[in-house]
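Below is one structure, written out as structure tokens, with a few remarks after it.
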Amino acid sequence: MDKVYRQDLVESKWYQFWEEKGYFKPEINPEGEPYTIILPPPNANAPLHFGHAMYVVEDILIRYHRMKGKACLWLPGSDHAGFETQVVFEKELAKEGKSRFDFDRQTLYQMIWDFVQENKGTMEGQLRRLGFSLDWSRMKFTLEQDIIKIVYKTFKKMFDQGLIYRGNRIVNYCTKHGTSFSDLEVLYEERKTPLYYIKYGPLTLATVRLETKFGDTACAVHPKDQRYQKYIGKEINIETVLGPAKIKVVADEAVDRQFGTGVIKVTPAHSAADFEIGQRHNLEIRQVIGYDGRLNEKCGKFAGLSVKEARVAIAQEMEQKNLIEKVDYDYQNRVAVCYKCGTEIEPLPLQQWFIKIEDLSKQAIKAVKDGQIKVYPKRWESTYFNWLSNIKDWNISRQIVWGMQIPAWHCMECSKVKSQKSKVNNETMKQSNNYGWIVTAGEVPTKCPNCKSTSLEQDPDVFDTWFSSGQWPYVTLQTNQPGDFEKFYPTSVMETMYDILLFWVARMVMLGLFVTGKAPFKDILLHGKVLDPLGQKMSKSKGNVVNPMEIADLYGADAIRMALVYGTAFGHDQALSHPKLQAMRNFTNKLWNIGRFIIEFNPEKLGTTQKTSRSDSLINRNSGTPSHSESFRKSTYPEDREILEKLDKVIVTVTKSLDQYRFHDGAEALYEFIWHQFADIYIESTKERRAQAQPVLEYVFRTSLELLHPFMPFITEELWQKLPHQGQSIMITNWPLISNS
RNA sequence: GGGCACUUAGCUCAGCGGUAGAGCGCUUCGUUUACAUCGAAGAAGUCGUAGGUCCAAAUCCUACAGUGCCCACCA
């Protein structure tokens, strides 16, 4: 044995051994009760970042429960990450001076597919390097055909039950990326925007969005506002930059009397709030900004200008015509921007598929309130409840190609009839608008069931990624080996970073309950964010992203794993700490030298404990209560009795810490016990009576390795293999229990 | 406008009702003897501020102050 622990030699050899032996598969414990974790599938568009190393807590749980004899399944996968990936890929294209518009849909899809396959390989290698005991034979990718099939089936089921509707709604639209977003995907920035007080006939109102005035179809005041009672319900004559016009004044509770003059212009086509006011008062939706972010033909001479240009031009013109009363240049407001490119989000009306969310969210709330699902740390419950109880219908259409194209076909004949109707009846626009649409579970329809026309066109849009990943727990299990779903669903734990509690976890609960009738997991575990050494958020733009592989090469995967759980309360953000990584690397060296002392520097032959030690082989699993020999307990040396008592305490502490998801408690207890109690005190005390102490030394060491194994799998396996034993691997030995006596 | 977290030794953080802990750093001593990625000994905190509850409070309650983060259709 080397004097100094060589993690580079040790960590490279065990993973393959474990995998080849099939230890990562639940089948190694065929009798055990199932214990399942589905790995949150990393995006397949980039290598892992350091935050992914936090998945170590899942490996700790899996290894622990596997040692307890459970049939543990930790299922890996990767996510196509629709929009995210398309953006990444478009950047790649841009490097070659190309864009997505240079390719047809099929070609582009294939190119992204190939790009993703490459990244997936890198990512898998990285997860292996960290020692994650994932069952690779059950690896899934979100865009596999059998998964798409189930997602389509879900969509069809929801459609048939009236939970899906085609709606003309205001969506958050990025004019640069050419797609809409869900509310969660929109960022807000504090900005100073001029607030114009403009004259609308006898009224004055305040607005920042001058360029949408051509889409105004009313003015609104609060129904109780004394100042404006006489205008409510009337039409007023106004002067505009395009000449005189008439506009209606409506009363609506949504208007804030304190803001500006208490009068607002209502632009149903370009503001979600105004759209709702418009719905309540049956106002016309007049779209004046296109999906290219430019004013359209309804804007007279301003047509063709971008939103920004138009605002300036209109302000100038209104100034000349004396239509602006004053301007507040210090006005601070929150501007919605695209979370990828920072472009201002245009609220635009668009035909999209929506999921009626109310019932689904109620069920999801109930599942947690009833205790069907528990959340750790508990404080996240309020975030979860809060979001679900104020949630709006979910827009699941995305105008990109990288994803599952929505299995809905538009009948061109029927839609002709309908478009004539909808002009007359605004109610149709308002509510479900599924007329003329054929939804299937993926089969391509040949003709319209209504008018028999064969003129059908598939919706070019794809599903929001979260609609498919929201079904991940059951789609992965239903598309794996026969019986997997029945055995492993619902899963035991969903462990992920808190930032996707709403995006992903809440959606999984809703969809899981809807499709399977069961909550997809029993416990939700939320870990914190890993920050850079200075406590800053890691981001590509800041250039402070740390590659976990470099850190693994420096300190070892075991040290990374331990450092991530040691000395930090689970669920809190933590800064990547080199001193801590170093300390944990030193700990591996300490452990190594304890092993060296026991294995190489012993006067007797190894293996004196074999007869008295509890069984540690796979064959003997579940055969009675393991406990250490009574003969140790009767030792005449108080040091022996003391270390065994302390060992028992550590077994209890570590076991409890893992059962209660208090990983740091267990990690700290082990560090303290192994280094200070065992090495510094006990081992030192045995140097004068070495041969006599060998059985206890071996016994305590062996048990320590077992307890430490979930945290530091590589070094514990290496040392375990150097001890005489009957089992094949520490991975499948029994979790230590304390003696009953 | 709501909500959450954090504020403990020089630094990074545990502890969350019973008279302060870890890692790193610092001081002194110690290398034939498992490990210098080491050992022994030690210095170091009125636990953000102000009130309150309790026999007892870093720990529970209230207010305040800083820091960070999330949510919300203020035009």
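What you are looking at is a predicted structure, and each value in this text was computed from that prediction instead of being measured. Here is how names work: the chains are called A, B, and so on, in the same order as the sequence lines, proteins then strands, and each is numbered from 1.
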Quiz prompt | Face-on cation placement of Arg286(A) at Phe214(A) ring, 6.0 Å and 45° thresholds | solution = no

Quiz item: If pairing requires Watson-Crick or G-U wobble contacts with both distances under 3.5 Å, which nucleotide is the partner of rG1(B)?
Solution: rC71(B)

Quiz item: If we take the P atom in both rU8(B) and rC70(B), what is their distance in whole Å?
Solution: 23 Å

Practice problem: Write down the distance separating the P atoms in rC16(B) and rC74(B), rounded off to the nearest Å. | Solution: 40 Å

Quiz prompt | Six-ring centre of Phe354(A), Arg169(A) cation under 6.0 angstrom, axis tolerance 45° | solution = yes

Exercise. Give the ring-plane orientation class for Phe259(A) versus Tyr331(A), where under 30° counts as parallel, over 60° as perpendicular and anything between as tilted.
Key: perpendicular

Exercise. Could you tell me which nucleotide pairs with rG17(B) by Watson-Crick or G-U wobble geometry, both distances under 3.5 Å, or answer none if nothing does?
Key: none

Self-check item: Test: Arg690(A) cationic atom under 6.0 Å from Phe597(A) six-membered ring centre, within 45° of axis
Solution: yes

Self-check item: Lys/Arg cation over aromatic Phe678(A): Lys590(A), 6.0 Å, 45° cone
Solution: no

Quiz prompt | Interatomic distance at C1', rC60(B) relative to rA72(B), whole Å | solution = 32 Å

Practice problem: Shoot me the first and last contacting nucleotide of RNA chain B against chain A, ordered 5' to 3', at under 4.0 angstrom to non-hydrogen atoms. | Solution: rC4(B) to rA75(B)

Quiz item: Taking the same atom, C1', in rG15(B) and in rU59(B), what whole-Å distance lies between them?
Solution: 9 Å

Practice problem: Give none if rG42(B) has no partner; otherwise give the nucleotide forming a Watson-Crick or G-U wobble pair with it, both distances under 3.5 Å. | Solution: rC26(B)

Quiz item: Using purine N1 to pyrimidine N3 plus N6-O4 or O6-N4 for Watson-Crick, or N1-O2 and O6-N3 for G-U wobble, each under 3.5 Å, what pairs with rC64(B)?
Solution: rG48(B)

Quiz prompt | Cation-pi, Trp394(A) ring and Arg507(A) (6.0 angstrom, 45 degrees) | solution = yes

